[in-house]
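Notes follow once the structure below has been shown.
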Amino acid sequence: MGSVVEKSALIICGDYMEDFEVMVPFQVLQAFGVRVDCVSPTKLPGQKCFTAIHVSLGFEHYSELPGHLFTLNSNFNEVEVGCYDALVIPGGRFSEHFSVDERVLSIVKAFAEAGKPIVTTCHSQLILAAAGLLKGKKCTAFASMKPVIELAGGIWWEQPGITSPFDITACLKDGNILSSIGWPAHAEILKTLFESMGARIHTTKANSVLFLCGDYVEDYEFNVPFRALQALGCKVDAVTPSKKKGETCVTAIHDDEGAQAFSEKRGHNLVITANWSDVSVYDYDCLVVPGGRSPELLVMNDKAVTLVKEFAERNRVIAGVGQGQWLLAAAGVLKGKRCASGDGMKVMVKMGGGELEESKGCVSDGKLVTAVGWPALPYFISHLSKLLGLSLSFE
């Protein structure tokens with residue numbers, strides 16, 4: 001999925017930045033050949049930032065839960081703005097501290113002066129205000145940011161018709177400033193960012209993709225490819241046998257915190273977008289089974305196993321990440337197929353008749369794509385897009 005012209009992006013990171021708002025652009029941009037450098041003013045490459053999960057748990061205000069640990073890959077003190085084509089500033093409480101850091105503001109101002117796209121979400125518009133970049137600019141953000149934007153001389157814009165976080169879809173572009181209320185709008189954020197960086201999306205046909213989920217599906221393994229495929233113009237649905245359209249599944253965060261197995265924490269909620277009774281294999285070109293613990297739930301449901309078999313029988317594209325191989329093995333999809341697998345699924349892949357590719361994070365074999373887990377999502381998205389006839393080039 002390489003570019004005609006090599007592109008690069010910078011993400012300014014900090015402790016308690018919003019988990020999705022850093023990882024989604026980080027992994028999706030890489031999937032399409034963009035080099036992404038992640039820096040923080042007081043940390044070095046290889047060090048980690050704490051992230052935060054912002055989700056509604058039924059209180060008057062959203063809750064903040066502990067997210068993944070995010071590893072920085074570049075040095076803040078070596079940033080040269082001229083080497084980058086775009087800047088991404090995730091939302092989260094770190095933006096309050098960085099809004100008074102002159103080193104951060106200097107970088108942001110340099111991107112603005114060069115006319116390069118700057119993406120802000122949720123609360124990171126505070127940094128634009130501190131840098132003096134909002135005067136006369138139309139901007140959106142989390143609603144509490146309205147007085148900040150207006151006091152900074154900006155023009156407040158709010159997406160109409162929002163009754164829940166799942167109605168949030170808009171990314172507002174005014175010149176080189178791209179703004180959004182937050183992570184539910186990632187499909188439009190990514191699409192607008194791609195366009196602002198000179199990208200063209202190429203497709204051989206319209207694609208429809210179905211994600212088969214359940215409670216405690218892995219947070220990244222659902223959301224990152226879901227938003228990426230939406231950004232590329234696919235119709236994408238999420239379904240589970242026991243819930244109706246509009247209901248939610250809770251996701252799980254699985255992270256390496258130094259124990260023998262990954263830790264598990266509660267993640268964002270995901271909304272189910274289709275009723276099980278309305279789902280037909282004929283309406284979709286591809287089935288994606290994310291990992292987490294939901295495949296262990298789905299494998300006990302005959303309807304879920306049968307659905308996977310029906311996709312295979314009709315020669316549709318099937319993709320599994322991490323523990324998703326559990327369900328694919330039960331449905332007989334892995335027989336004779338080369339597969340990527342983490343340690344936790346190697347026995348299941350072998351019992352299902354698959355052939356392990358030990359050294360690879362993601363493998364395609366015919367119309368099957370498998371990946372070891374969320375760290376391999378850039379490769380997974382790239383492989384899956386290719387099978388669906390989707391590509392992206394920069395000019």
Side-chain angles (χ1 to χ4, degrees), residues 15-24 50-70 90-96 121-126 140-148 158-171 179-189 211-224 226-227 230 236-255 263-276 290-298 301 374:
D15 288 328
Y16 301 108
M17 58 187 169
E18 216 297 323
D19 194 14
F20 274 171
E21 291 172 18
V22 63
M23 185 56 83
V24 172
F50 296 97
T51 71
I53 302 292
H54 297 99
V55 65
S56 174
L57 298 181
F59 304 108
E60 287 185 318
H61 204 16
Y62 60 79
S63 295
E64 181 173 281
L65 307 176
H68 295 80
L69 295 173
F70 185 87
R93 288 189 290 115
F94 85 107
S95 59
E96 298 171 7
T121 46
C122 197
H123 283 67
S124 59
Q125 291 85 342
L126 180 63
T140 192
F142 189 73
S144 63
M145 295 295 294
K146 179 181 178 181
V148 175
E158 189 170 334
Q159 181 183 338
I162 294 176
T163 58
S164 80
F166 304 109
D167 296 322
I168 299 168
T169 58
C171 177
S179 60
S180 174
I181 299 176
W183 60 261
H186 261 134
E188 193 64 24
I189 294 168
F211 280 68
L212 180 53
C213 305
D215 283 327
Y216 296 106
V217 62
E218 216 294 322
D219 206 358
Y220 285 163
E221 293 174 16
F222 167 79
N223 193 72
V224 177
F226 189 91
R227 303 300 180 186
Q230 284 183 319
V236 190
D237 281 324
V239 70
T240 193
S242 59
K243 298 188 182 186
K244 297 179 180 178
K245 180 179 179 179
E247 295 182 338
T248 59
C249 287
V250 64
T251 70
I253 288 171
H254 296 104
D255 203 8
S263 64
E264 180 176 286
K265 293 170 280 191
R266 178 173 179 154
H268 299 80
N269 293 329
L270 72 87
V271 66
I272 298 301
T273 65
N275 292 314
W276 184 268
R293 289 193 294 110
S294 66
E296 187 177 356
L297 175 69
L298 293 169
N301 189 304
W374 64 257

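Predicted model only: the values in this text are computed from it and were never measured.
- Contacts of Tyr16 classified as ring-ring contact (aromatic ring centres under 6.0 Å, His included), with partners at least two apart in sequence or in another chain: Phe50.
- At distances below 3.5 Å, not a single donor-acceptor pair connects side-chain atoms of Thr248 with backbone N or O atoms of Leu270.
- Classified by interplanar angle (parallel below 30°, tilted 30° to 60°, perpendicular above 60°), the ring pair Trp374/His68 is perpendicular.
- A donor-acceptor pair shorter than 3.5 Å can be found between the side chains of Asp237 and Thr273.
- Between Glu218 and Pro290, the closest side-chain pair of non-hydrogen atoms is not below 4.5 Å.
- Salt-bridge annotation for Glu158 and Lys146: absent, with no side-chain N of the basic residue lying under 4.0 Å from a carboxylate O of the acidic one.
- Counting only heavy atoms from C-beta outward, the side chains of Leu69 and Thr51 never approach each other to under 4.5 Å.
- Ring-centre distance between Trp183 and His268: below the 6.0 Å cut-off.
- For Ile253 against Pro66, the heavy-atom pair with the smallest separation is CD1-O, 3.8 Å.
- Atom SG of residue Cys213 and atom CG of residue Leu297 lie 11.5 Å apart, to the nearest 0.5 angstrom.
- Side chain of Asn275 to main chain of Lys245: a donor-acceptor pair is present (N/O by atom type, distance under 3.5 Å, no hydrogens or angles).
- Summarising the geometry of Leu126 relative to Glu96, their closest heavy-atom pair is CD2-CA, 3.8 Å, with the distance given to 0.1 Å.
- Annotation: side chain of Tyr220 is not in contact with side chain of Thr251 (no heavy-atom distance under 4.5 Å).
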**Study point:** Derivation of the side chain to side chain contact (heavy atoms under 4.5 Å, CB included) call for Ile181 and Thr140
**Key:** CA-CA 6 Å; Ile181 299 176; Thr140 192; 3.9 Å; yes

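- Among all heavy-atom pairs drawn from His254 and Gly292, the shortest one is CE1-CA, 3.7 Å.
- Between Phe226 and Phe211, the ring-plane angle classifies as perpendicular under the 30° and 60° cut-offs.
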Review point. What do the steps show when you test Ser294 against Tyr216 for side chain to side chain contact (heavy atoms under 4.5 Å, CB included), and what is the final call?
Key: CA-CA 5 Å; Ser294 66; Tyr216 296 106; 5.6 Å; no

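- With Lys243 contributing its side chain and Ile272 its backbone, the two residues share no donor-acceptor pair below 3.5 Å.
- Between the side chain of Glu21 and the backbone N or O of Gly91, at least one donor-acceptor pair lies under 3.5 Å.
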Check your understanding: Should Thr121 and Glu18 be marked as a side chain to side chain contact (heavy atoms under 4.5 Å, CB included) after you check the CA-CA gap, both sets of side-chain angles, and the distance that decides it?
Key -> CA-CA 9 Å; Thr121 46; Glu18 216 297 323; over 6 Å; no

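- Counting only distance, with no hydrogens or angles, the side chain of Gln159 and the backbone of Ala170 share a donor-acceptor pair below 3.5 Å.
- The two residues Leu298 and Thr240 have their closest heavy-atom pair at CD2-OG1, 4.2 Å.
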Exercise for review: Evaluate the side chain to side chain contact (heavy atoms under 4.5 Å, CB included) criterion for residues His54 and Phe20: first the C-alpha distance (whole Å), next the side-chain angles of each, then the deciding distance (0.1 Å), finally the verdict.
Suggested key: CA-CA 9 Å; His54 297 99; Phe20 274 171; over 6 Å; no

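- Considering all non-hydrogen atoms of both residues, Gly267 and Val55 come closest at O-CG1, 4.5 Å.
- To the nearest 0.5 Å, the span separating OG on Ser179 from CE on Met145 amounts to 10.5 Å.
- His123 is listed as a side-chain neighbour of Ser144, based on a closest heavy-atom distance under 4.5 Å.
- Under the salt bridge (Lys or Arg N to Asp or Glu O under 4.0 Å) criterion, Lys265 pairs with Glu257, sequence neighbours left out.
- The two residues Ile53 and Arg266 make their nearest non-hydrogen contact at CG1-O, 4.3 Å.
- In this structure a side-chain-to-backbone donor-acceptor pair under 3.5 Å is missing from Glu188 to Thr169.
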**Study point:** Audit row: Asp215, Arg293, salt bridge (Lys or Arg N to Asp or Glu O under 4.0 Å) steps and yes/no
**Key:** CA-CA 8 Å; Asp215 283 327; Arg293 289 193 294 110; over 6 Å; no

